[in-house]
Amino acid sequence: MNPVDVMDLVSFDSLLSEEEIALRTTVRDFVDTAIRPNIAEWYDNAVFPLEIVPEMAKLGLLGMHLKGYGCAGRSAVEYGLAGAELEAGDSGLRTFVSVQGSLAMSAIYKWGSEEQKQEWLPQMAAGEAIGCFGLTEPTAGSDPSSMQTFARRDGEDWVLNGAKRWIGLASVAKVAVIWAQTDDGIRGFVVPTDTAGFQATPITGKLSMRASIQCDIELTDVRLPASAMLPEAKGLRGPFSCLNEARYGIIWGAMGAARDSFEAALKYSQERMQFDRPLAGYQLTQQKLADMALEIDKGFLLALQLGRLKDAGKLQHHQISVGKLNNCREAIKIAREARTILGGNGITLDYSPLRHANNLESVRTYEGTDEVHSLILGQQLTGVAAFR
Ligand SMILES: Cc1cc2nc3c(=O)[nH]c(=O)nc-3n(C[C@H](O)[C@H](O)[C@H](O)COP(=O)(O)OP(=O)(O)OC[C@H]3O[C@@H](n4cnc5c(N)ncnc54)[C@H](O)[C@@H]3O)c2cc1C
């Protein structure tokens, strides 16, 4: 049986340009050759495959939506299409591209001095320097304004003390963007990770995002020159603008994981015989597949609409919440439903849906939980903020 493209139900590709389709094909081929054959082993062994970073850099995936400084200067839609393909491989790989490009590089690109941009962005785009983004703390997650990490002035220098938690890539990063309280409100700092007093320890025992790294960071009297501060980022606007970039990528990525789960379930249902017929031939299975297909197509159409708005410079803050909340929520449901079609075999790493579902627990949690995005939409709809 020929593989069916679930996106053909709405002629999705008719909405894309030839360049967009070509980029998607390139990234899909990369995922098929470099990620799919190895992902079960990486996930099982909780390994982030550092060796594929140079390949990703060669494809222009690192900081791909940024212009200049060795970055690919791709559109928001192209960035989204690439993210969906990477996450069809594994959320951990899309997360790497997101932390590097949307968080660490974006922070320097949007808010850094020209010297900071020249120093860091070209080597980050080339995959020679990995970056991380330290906002969350052990006691400050959804409410980053309550962060405790403090940067005090000492002459011309800054001295940072505090702790960060869940910081992607920190133990393999060459540079960390660290957000801290100061006497002048929250500011961002560019911290080379070999600075004395910077300590990153990978978090173990994760049941989600196993093929990626998240760390606890301890900052003990980390002394930095005055030039380490991001000069243009004042208050939470700085980190939030980067989170919005990453949230946008998630809108596409989550649907990539959903599509891959659907495809695994469809194929299995066509091959697996029970009660003398393929599972695909039973109405209950077809109902599941049809429901999944509808949500995948709707999710991608939503992602594309938001991407086109972003490329036109018209994407609004609350619209990112529409996409992040909907697509993460639906992607998890799809991955779990796909797992049911696989029966017992679905709980092994031989098939992707449960791995995707477990990963998506992280994706729905970081960059604003479901609840936080519901509150953003609630405020937009009612005019009343209900965060506290
Ligand atoms: C795999 C992974 C990677 C990550 N990578 C990074 C990274 O690179 N850099 C970084 O800085 N952070 C990172 N994070 C942290 C992530 O952003 C936080 O986990 C997230 O913001 C939620 O914070 P929390 O875990 O402290 O949960 P909490 O904020 O404690 O929330 C716990 C629960 O309470 C709910 N809640 C909170 N406030 C309200 C409210 N007002 N009303 C109703 N419900 C509420 C939440 O929705 C959630 O369900 C990562 C996390 C994970 C799991």
Side-chain angles (χ1 to χ4, degrees), residues 43 46 48 87 90-107 130-149 162-173 175-181 186 188-189 191 193 200-219 233 236 238-247 249-250 253-254 257 320-321 324-325 328-329 332 355-379 384-388:
Y43 198 90
F48 171 68
E87 197 145 353
D90 191 77
S91 302
L93 281 307
R94 199 270 309 143
T95 297
F96 163 68
V97 165
S98 179
V99 169
Q100 177 84 348
S102 293
L103 293 177
M105 290 175 76
S106 276
I130 290 177
C132 67
F133 183 91
L135 179 66
T136 306
E137 301 193 350
T139 57
S142 300
D143 176 19
S145 69
S146 64
M147 72 172 67
Q148 303 288 313
T149 297
K164 297 285 173 184
R165 183 157 169 81
W166 287 118
I167 308 309
L169 305 166
S171 58
V172 293
V175 62
V177 173
I178 298 290
W179 302 94
Q181 301 278 4
I186 289 171
F189 296 86
V191 185
T193 55
T201 309
I203 296 171
T204 55
K206 290 183 299 172
L207 300 174
S208 170
M209 287 283 179
R210 289 179 57 77
S212 77
I213 302 170
Q214 287 80 35
C215 296
D216 281 308
I217 295 180
E218 288 291 331
L219 301 154
L236 278 175
F240 280 171
S241 70
C242 306
L243 293 183
N244 272 342
E245 296 292 338
R247 288 168 176 175
I250 290 170
I320 296 177
S321 294
K324 209 266 178 186
L325 176 60
C328 286
R329 198 157 65 183
I332 288 198
R355 173 169 54 78
H356 285 310
N358 283 357
N359 282 337
L360 288 164
E361 290 292 342
S362 290
V363 180
R364 84 185 314 180
T365 299
Y366 64 35
E367 320 292 356
T369 59
D370 286 10
E371 291 78 7
V372 165
H373 289 293
S374 298
L375 290 170
I376 291 171
L377 293 177
Q379 180 176 17
V384 185
F387 293 91
R388 32 182 100 243

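Remember, it's 1-based here, ligands and their atoms both numbered in the order they're listed.
- Of the charged side-chain nitrogens involved, at least one lies within less than 4.0 Å of a carboxylate oxygen, so that R355 and D90 count as a salt-bridged pair.
- Sorted by chain then number, the residues whose non-hydrogen atoms approach ligand 1 to under 4.0 Å are F133, L135, T136, G141, S142, W166, I167, G168, M209, Q214, S362, T365, Y366, E367, T369, E371, L375, F387.
- Under 4.0 Å is where a charged nitrogen must lie from a carboxylate oxygen, and between K324 and D370 no such pair does.
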**Request:** Verify side-chain hydrogen bond (donor to acceptor under 3.5 Å, both in side chains) between S212 and Q214, making sure each step is shown before the conclusion.
**Result:** CA-CA 7 Å; S212 77; Q214 287 80 35; 3.0 Å; yes

**Request:** Begin with the C-alpha distance, continue with both residues' side-chain angles, and end with the deciding distance and a verdict on salt bridge (Lys or Arg N to Asp or Glu O under 4.0 Å) for K164 and E137.
**Result:** CA-CA 4 Å; K164 297 285 173 184; E137 301 193 350; 2.8 Å; yes

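- One finds the CG atom of N359 at 13.5 Å from the CZ atom of R364 (value rounded to the nearest 0.5 Å).
- In this structure the side chain of V363 reaches within 4.5 angstrom of the side chain of R94, judged on heavy atoms.
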